[in-house]
Amino acid sequence: MTDPVYRTILLFDIEQYGSRDDVEQAFLRRVLYDVVDATLLASDIDETARLRADRGDSVMELIDTQASVPALVKTLLTETPARLHSKNRLFASSAQMRLRIVLSSGYVAVDELDGWVGSDLNHAVRLLNSDPLRDALKQRDDDCVLCVSDGIYQGVVRHGPLGVRPDNFHRITVETKEGPTVAWLHGERGSADVSEAAAAQPDAAADAAPAAGSSNSNSKTRIGRDQYGVAGGTVHGNLNFGLPERGEGR
């Protein structure tokens with residue numbers, strides 16, 4: 001097995017591939033290759049800078065770290081959906097293709113059987129097959145949906161490179177065999193995402209306002225003689241009107 005090498009990991013998967021017959025599957029695979037090749041070409045990623053693995057209904061690309069990740073993200077948000085749409089509009093419904101796309105990064109090794117090995121690759125595959133990504137594609141009319149790992153988001157997307165808007169991504173939590181993991185999904189929140197976001201946010205109003213009738217143990221009001229100047233409203237902090245502190249003489 002080769003030593004693990006750090007790579008950008010790009011995954012594409014065809015929705016409902018297994019429900020198509022053999023002829024349709026063969027056609028979809030050719031279209032998928034066209035879309036993937038066009039995406040990488042538009043990102044200025046040469047064939048010598050990438051390694052491909054074919055998984056039937058999906059394609060995995062290991063990309064050299066010298067390739068620009070910001071340029072690839074921009075292409076995935078613009079060129080890839082446009083090219084896929086231009087193809088689908090010419091096809092019958094049975095031949096139209098919708099894609100789940102994941103962009104991640106990490107260390108990957110190649111074993112003696114030319115198989116790819118690495119926990120970072122496993123993590124990317126978990127995202128590709130996750131329910132939030134599948135649900136997002138089902139709930140939208142778009143031809144594809146993009147999910148990026150937390151590392152790609154924090155290192156690239158959140159800085160807003162040209163053509164990439166961080167506010168168009170939202171955080172999701174994906175349950176995997178290894179435990180929950182954070183990723184970032186492009187596009188509007190689905191119903192499940194909205195529920196998750198609401199549950200994750202603390203009730204600021206409840207935290208800020210004490211319950212009715214409760215007292216603040218950190219505040220004191222001490223009045224020792226007639227007082228002037230406080231006519232009403234809310235007073236925060238201590239009030240000390242001439243009453244000496246303990247230990248002071250009168």
Side-chain angles (χ1 to χ4, degrees), residues 7-40 42-43 45 50-63 69 72-73 75-88 91 93-106 108 115-153 169 172-178 181 183-187 190 192-193:
R7 290 287 185 261
T8 299
I9 303 170
L10 178 60
L11 311 179
F12 296 81
D13 189 271
I14 303 173
E15 182 187 47
Q16 295 183 344
Y17 181 82
S19 65
R20 319 293 181 93
D21 62 35
D22 291 349
V23 174
E24 292 168 345
Q25 289 184 5
F27 177 79
L28 289 174
R29 283 170 45 79
R30 292 196 297 271
V31 176
L32 175 61
Y33 267 59
D34 288 344
V35 171
V36 174
D37 288 340
T39 295
L40 297 174
S43 303
I45 299 175
R50 57 189 174 94
L51 181 64
R52 172 173 293 174
D54 189 318
R55 293 295 182 266
D57 61 345
S58 63
V59 165
M60 301 192 295
E61 297 278 351
L62 294 184
I63 303 171
V69 176
L72 179 56
V73 174
T75 301
L76 290 170
L77 295 174
T78 55
E79 176 70 20
T80 305
R83 183 168 292 271
L84 185 55
H85 176 72
S86 68
K87 289 181 175 295
N88 280 338
F91 300 153
S93 58
S94 60
Q96 291 179 355
M97 182 175 67
R98 305 179 77 212
L99 296 174
R100 300 190 308 277
I101 306 172
V102 165
L103 182 62
S104 185
S105 59
V108 181
W116 295 0
V117 180
S119 58
D120 293 325
L121 177 62
N122 295 340
H123 173 266
V125 173
R126 299 278 192 267
L127 295 181
L128 186 68
N129 295 322
S130 67
D131 288 338
L133 196 56
R134 292 178 182 275
D135 292 342
L137 190 57
K138 290 178 182 178
Q139 294 170 6
R140 301 178 188 178
D141 295 328
D142 301 329
D143 294 314
C144 59
V145 62
L146 172 65
C147 177
V148 301
S149 67
D150 191 51
I152 293 291
Y153 180 86
F169 288 79
I172 60 173
T173 301
V174 176
E175 297 296 335
T176 71
K177 295 178 180 178
E178 294 78 23
T181 186
W184 296 81
L185 188 61
H186 182 263
D193 297 330

Exercise for the section: Applying side chain to side chain contact (heavy atoms under 4.5 Å, CB included), run through Leu32 and Val59 and close with a yes or a no. Expected result: CA-CA 8 Å; Leu32 175 61; Val59 165; 3.6 Å; yes
Could you tell me which residues satisfy ring-ring contact (aromatic ring centres under 6.0 Å, His included) with [X], sequence neighbours excluded, listed by chain and number?
| X | result |
| --- | --- |
| Trp184 | Tyr153 |
| His186 | Phe169 |
| Phe27 | Phe91 |

Test item: [X] side-chain N/O and [Y] main-chain N/O as donor-acceptor pair under 3.5 Å:
| X | Y | value |
| --- | --- | --- |
| Asp142 | Cys144 | no |
| Arg134 | Asn129 | yes |
| Glu61 | Ile9 | no |

Heavy atoms only: give me the nearest [X]-[Y] pair and the separation to one decimal.
| X | Y | result |
| --- | --- | --- |
| Leu185 | Leu146 | CD1-O, 3.5 Å |
| Leu133 | Ile101 | CD2-O, 4.3 Å |
| Val145 | Ala136 | CG2-CB, 4.1 Å |
| Ser94 | Glu24 | CB-OE2, 3.3 Å |
| Ile152 | Ser105 | CD1-OG, 4.0 Å |

For [X], check side chain to side chain donor-acceptor pair (under 3.5 Å) against everything at least two apart and list the hits.
| X | answer |
| --- | --- |
| Ser58 | none |
| Glu79 | Arg83 |
| Asp54 | Arg29, Tyr33 |
| Thr8 | none |

Partner residues of [X] under the salt bridge (charged side-chain N to carboxylate O under 4.0 Å, His left out) criterion, sequence neighbours left out:
| X | value |
| --- | --- |
| Arg55 | none |
| Asp150 | none |
| Glu15 | Arg98 |
| Glu175 | none |

Handout entry: Residues Thr80 and Thr39: side-chain donor-acceptor under 3.5 angstrom
Key = yes
Handout entry: Which residues share a side chain to side chain contact (heavy atoms under 4.5 Å, CB included) with Thr176, sequence neighbours left out
Key = Arg126, Val174, Glu178, Thr181
Practice task
Check step by step if side chain to side chain contact (heavy atoms under 4.5 Å, CB included) holds for Tyr17 and Gln25.
Solution key: CA-CA 7 Å; Tyr17 181 82; Gln25 289 184 5; 3.3 Å; yes
Drop me the distance from [X]'s [atom1] to [Y]'s [atom2], to the nearest 0.5 angstrom.
| X | Y | atom1 | atom2 | answer |
| --- | --- | --- | --- | --- |
| Arg52 | Ile63 | CZ | CD1 | 10.0 Å |
| Ser93 | Asn88 | OG | CG | 10.5 Å |
| Leu137 | Cys147 | CG | SG | 12.5 Å |
| Asp120 | Arg7 | CG | CZ | 13.0 Å |

Practice task
Please step through salt bridge (Lys or Arg N to Asp or Glu O under 4.0 Å) for the pair Arg50 and Asp37, ending with a clear verdict.
Solution key: CA-CA 11 Å; Arg50 57 189 174 94; Asp37 288 340; 3.5 Å; yes
Practice task
Side-chain contact test, heavy atoms from C-beta onward, threshold under 4.5 Å: evaluate it for Asp34 versus Lys87 and give yes or no.
Solution key: yes
Problem - CA sep, side-chain torsions, deciding dist, call: Met97, Leu84, side chain to side chain contact (heavy atoms under 4.5 Å, CB included) - result: CA-CA 8 Å; Met97 182 175 67; Leu84 185 55; 3.6 Å; yes
